[in-house]
Every structure is written in structure tokens, then in C-alpha cells.
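Take a look at the structure set out below.
Below, each value reflects all heavy atoms present in this structure, side chains not excepted, and no hydrogens, waters or symmetry copies.
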Amino acid sequence: MSMVSKAVVLADRQRLREALPSGEGLLGIVTTDRAEGVLYVLSRYEDMVWWLPKTGCPTSLVDCKRKLDFARIRCKQLRSESKAVMARLIWANTKLAVSTVSGQFMKLVVWLNWLHDQGIRSLAQVTPMVADRYVQHVNQLTSPNRIGGPLDPGTKAQRLLVVETCWRHLLDTPNGFDHPWPENSASALAKLKQATKPKTDIIPEEVLHPLFQQSESLLSRATELLGHRDAVGDYQLRYKNLSGQIKEKSRFLKTRGWDLGFRALNNALRELRDGCFVIILATTGIRAHELGNIRRDHWYSEVRDGERFYFLGSRSDKTHEGETSWLCPEIAIHAVKTLERLSEPMQIELEQALEHAIAVGDHQEVTRLQECSECVGLTRSMKKGNPISVISWQSLDDRLKRFATSLKLDWKLASHQFRRTFANYVVHHKLGDLRYLRDHFKHWSLDMTILYVMNEAQDLELYDEIYAAFDEKRQAIVGHWLEPDTPLSGGMGEHVRQMRSRTEKTRTYKDRREMVQAISELVYLRSTGIAWCTNDTGVDCAGGQCENCEHGCIDDNHKPFWEGLYQQQIELRQIEDLDASGSKTVERTMDRCEKVLADLGVDINRLKEQLADVETI
């Protein structure tokens, strides 16, 4: 058993992803597992047999179902190509169950061995005619469950979908081939009627902005609200009946400056709790059950190079990784501390219930209460006696919907939407799109491997979701570049224009979307603020001269930045005591701006007229 750090796993995964298109240097870790909290290597890319992790598998799943034996593929070249397909399948955006991956591999073996029987030694030789022959072959197969009867549509579709899987995952490699059935699909060919499940929605900015703003406002009032609650808790009540007590508490609160009554205070405290949930979900990408598993004081911080980094800990049951943590902004820690204070009365009551359960020998209740103890997301169950429990995802979703409704937001809010929204915001921040939550994502512009080195116990799947969101955004940017009417500037802009004007096709794509996907995977992308940088070497940077750099691409989305820069130079030029060196710098910068803006289709003379009324400094 070879132990390994998450940093090494991530580095190998990124290196393999980058190496797959060329097919060179395919060495590194593919699968890992955990034993007693220790991460260890299961399989390396170069191994003939890959093992899928046992962690997370049903106990009834036999070990042979976790084994991907590439020796079952008779052709050496097809065997090599199958590894690229399976690696990308394992690293897919949505983590597949072990049984699903194993099933895909079995169908891949059947498909590739059929190709071998047809005399085909590489997937690059697959044509629509070959694929059509495979469809005919599958249609002739009979079901083992119905003697002499054909395969059911679902089984046929699975047999054919593996062909599309190979096409999709090899598109950017030397072994890529044209779409197997350009005017059709595996499901249609199998005559399978299947409803597609919608993708998780990203919470739109017009919804997330007021949600987070209200949550921040409530958090800023936490000391005041909790002070009122604690004061009421210590107040000696005279009335015995509930109605009298509520009135008495309301009168007491009024003496403290709270004029809205006791019920309004309870509502405000519930909203404060919900606001804390929103802040944690929005700034960490944590799942609902992981939010419920957060315990008191389960966070820490580190100072690296003068910057303080915060980490929130919890237990992840979905990935079966157990204790893990998330990089988070300081406001998330404030929210956790507030939840700690909010849950104090329930925690005290829970400890009393635990003592009673131990005294009467109720072992089942002891186990349940011990699981809840110290959790900050405590609530009362609707079961008989209203026992204290950790908030469930159903209750959390219900509270989130109520919170959104109270702000008159027309959005069906759910906890699972925050994870994908978080990944989307991290990517937009990294690519220079400074949105409302920009201050909370500053550390996420760092290289992901560095983040793992800082803390190996982080949520590995979250990084995959961020990578998927980045890939989606990158495709949108590159797709915009490839539009024939998109104005471009910069050295890379000229290369893109040449690509758009090519009449010959080096490869046939099913549609424009597939073309954009294939090309975007070859593009490294980051934002410099005034341009997109495609330099993946980290050297030979033009130092801010993006418009003259062969790696720089400026599109019409950057036009407002360059217009603003141009206006600033006009203002600087009017400074009376500007020296000769400063004047030359201003003139050079204006020339730079005029060239870029002209490339982007801006009428410079008209722009000068619009800026002519700038006041003299």
C-alpha cells in the first residue's frame, strides 16, 4: 500500500489531463482510496489493471466489480486508447458510482473487441459506416433473459452509448474520430424514450446578491439579537401561562430597546440562523449534510506569507472521506461562531437528555444524541416530543425557500444549488469577473495544487466541480472568439481570426458546440484584467503589454476597460506640471488604447468627442 498526499494526486491528475491530448507522458496516479484516514494509491495509469475505490461501495459489491482489467481488450493499440477513455470517464464532472464505471468498462471491452474482430486496430479508423455496422450487430443480439428475444431498448442504448463515449473523450487526441452517427443518437437508434434530467441550476446574481446582503446584515446584528435572547432567558418570569409569559417578555424586551415583541425576536433569530446557513453554503461549496455535521470549534486558520487562510472542518458522508475541510473566508467562520451561540440552549438541553438516556439505558437514544452533540445546526424534530436533532437537508431546503420568499425573490432556492453556484463564482473571480462576492474569493485565484499543499484534508470533489465550471466558462469565451463578428485585438487575436477564416476542415465535428469544446480544451486561459492570457508556460510575459503579446487576446468584453484607460490618459495629459517622462508615458498609453479600441470597432474620433468635456485637472 503506497501512501500519498492529495497534493500529489491533484498534480498527477492535472498532468495526465494535459498529457492525454498528445498521448505522451501518460504516467501517474489514476485512483486512490482511504484506509483509517490515510490516502493511498490504488492504480497508476501505466498499470494493466486499475482498481476502483472500495470506499463508498455497498458492502454487497464483490471486489471483482472494482477491477478494470485492460488485458481483456485483445488489441494493444485499442487497449491503450481505452485507458484515455476510462481515465476521463472516472474524472467526469459528476462522480459516477463504482458499479457504473465498471459497467461502462465491460461495454467498452465488448465494443473494442468487436472492432478487433472487424480488423480495426485503432479508434481513429472508426467511420460512420463502421458505427452503423455495430448498430446492426447490437440489433441482432438476443437477450439472455428472453430466449430468442432482442435486447431491450435500455440495454441497446447502453451498448451504443459507449461508442459516443469514446468519440467524446478522444476528440482532441490523435485517435479521435468523426461522430459515429452525425444525424442521430444512441438513444434514438435504440428507440429509447428517456427524459433528460435537468442540470442543477446556478443561483442567478439577482437572487444571490439580496440573499447574501440580507444574511450579512443579519450577521452584523447577531450580538444585539443574541444579547436580547440571553437577557430574556435570564429574566425571572412571574406568569405561569404561555400568553402571559409572552406579554411579559415583550415588555421586558421593550426596556432593552426592542419594541417589536418576543415573537418578532424569535423570528429574527430564526432568520439569523438561516442567514448563517446561506453565508456558509455560498462561500464554501459545502453540501447540506456536511453543513449539518459542522461541530463547535471545528475550524482553524493559518498565516502564509502574511495572508491568513481559514479552514472549516466537517465530516463528509457522501464521499465517505470522513473528516475533511474547506478553504473559506473569515465571514464563514463568523457565521459558524454565531451558530454556536444560537445553538447553546439546545446543546444544554441535549446534554441533559443524553444524561437521562444513559441513566435509563436507552442505548439507541444515546447513540443518536451523541451524533448530534456539539453540532451547530441543531433544530427540533417534528416527531413526538419534538426531540433535538441535526437539521436535515429537507428542513434546510424548507428554511432556505422561506428565507428567499421573505425577500420576495422569485426563485425556488435549494441547498444543492449553492455548490455549483460556488464553483461558478470562484471561476468568474479567477477570470477577472469581479462580482458581488469578489471579496470572499480572493484566495481561490491561487493554483489548486498550492491549496492542497496547504491542507491535504480538503474536499477533492469540489475541485473537480470548480474545474468543470472553469471548463464551461472557457468554452463560452473561446466560442465567443470563434464567432465571425466578434472583434479581437492582441497577438492571439490574429491567430484566432486566421482560424475562423480557414476554409479547409482538419476534422469534422457534429456541430459548432463540439468544435468549440475540442478547441477550448487546448487553450490555457486566465485573465489579466485588460485581456485574456493564453500563456501556459509562466515565462516570457509581456508585463502588461497584452495587446502586443502573442499570447494575449482582447475581445469586445474588454472594451469598457480600454475606454476607461483611455479616458484616464486624457485626464493625466491635462496635468500642468506633468514632466517629459510622464508625458511620453501618457502618449504611449494613448497610442496603445487607440490601437486596441480601433481593433474592437470603436470610432476613435467619436470617442474623443465624447470625452472632450473632461474637466481640466
Side-chain angles (χ1 to χ4, degrees), residues 205 424 427-435 438 445 470-503 512-513 515-536 540-574 582-615:
E205 187 169 3
N424 183 63
V427 168
H428 278 82
H429 174 76
K430 184 177 178 66
L431 292 178
D433 184 359
L434 302 181
R435 296 187 169 195
R438 62 188 181 275
S445 60
F470 172 75
D471 201 43
E472 185 177 329
K473 177 63 176 177
R474 179 173 57 182
Q475 287 184 38
I477 293 168
V478 173
H480 183 58
W481 292 355
L482 294 174
E483 292 285 352
D485 298 329
T486 300
L488 297 174
S489 187
M492 188 63 176
E494 180 57 34
H495 295 312
V496 176
R497 281 194 294 270
Q498 291 174 6
M499 185 184 299
R500 291 192 307 210
S501 64
R502 288 176 186 166
T503 55
R512 184 179 180 280
R513 179 184 175 186
M515 178 189 69
V516 170
Q517 180 180 1
I519 293 174
S520 67
E521 287 181 357
L522 306 177
V523 177
Y524 172 85
L525 198 65
R526 68 182 180 89
S527 173
T528 66
I530 59 173
W532 299 113
C533 178
T534 62
N535 184 359
D536 61 350
D540 301 327
C541 179
Q545 304 288 322
C546 299
E547 73 281 5
N548 294 322
C549 177
E550 63 177 335
H551 303 293
C553 188
I554 304 169
D555 61 32
D556 48 348
N557 290 310
H558 294 105
K559 187 166 66 173
F561 297 97
W562 286 92
E563 287 177 339
L565 182 60
Y566 190 58
Q567 178 174 344
Q568 290 171 4
Q569 305 315 303
I570 292 177
E571 294 172 355
L572 289 171
R573 191 167 61 175
Q574 296 180 20
S583 296
K584 287 181 180 179
T585 300
V586 168
E587 294 301 325
R588 280 198 305 269
T589 306
M590 289 188 72
D591 291 340
R592 290 174 58 198
C593 294
E594 289 181 4
K595 178 184 179 302
V596 171
L597 291 170
D599 288 343
L600 297 180
V602 175
D603 186 332
I604 299 299
N605 291 327
R606 183 175 178 82
L607 180 62
K608 287 180 179 179
E609 292 174 2
Q610 293 173 349
L611 300 177
D613 59 345
V614 175
E615 295 182 4

Heavy-atom side-chain contact between [X] and [Y] under 4.5 Å:
| X | Y | value |
| --- | --- | --- |
| I477 | K473 | yes |
| H480 | N557 | yes |
| H558 | W532 | yes |

What is the distance from atom [atom1] of [X] to atom [atom2] of [Y], rounded to the nearest 0.5 Å?
| X | Y | atom1 | atom2 | answer |
| --- | --- | --- | --- | --- |
| L597 | E547 | CG | CD | 10.5 Å |
| T534 | M492 | OG1 | CE | 4.5 Å |
| L572 | Q567 | CG | CD | 11.0 Å |

For a quick test of reading the model, state the closest non-hydrogen atom pair linking [X] to [Y] and the distance between them.
| X | Y | value |
| --- | --- | --- |
| E563 | L607 | CG-CD2, 4.4 Å |
| M590 | I570 | CE-CG1, 3.9 Å |
| W481 | T486 | O-CB, 4.3 Å |
| H495 | E550 | CD2-O, 4.2 Å |
| R497 | L488 | NH1-O, 2.7 Å |
| I604 | E594 | CD1-O, 3.7 Å |

Test item: W562 side-chain N/O and I530 main-chain N/O as donor-acceptor pair under 3.5 Å: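 Side chain of W562 to backbone of I530, a donor-acceptor pair under 3.5 Å: yes, one is there.
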Is the shortest distance from a Lys or Arg side-chain nitrogen in K595 or D591 to a carboxylate oxygen in the other one below 4.0 Å?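 Looking at K595 and D591, the cut-off is not met.
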The test is side-chain contact (heavy atoms from CB on, under 4.5 Å); show your working for E472 and R474 and say whether it passes. CA-CA 5 Å; E472 185 177 329; R474 179 173 57 182; over 6 Å; no
Scan D555, D556, D599 and name whichever one has a side chain to side chain donor-acceptor pair (under 3.5 Å) with S489.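 Going through the options one by one, the only one that passes is D599.
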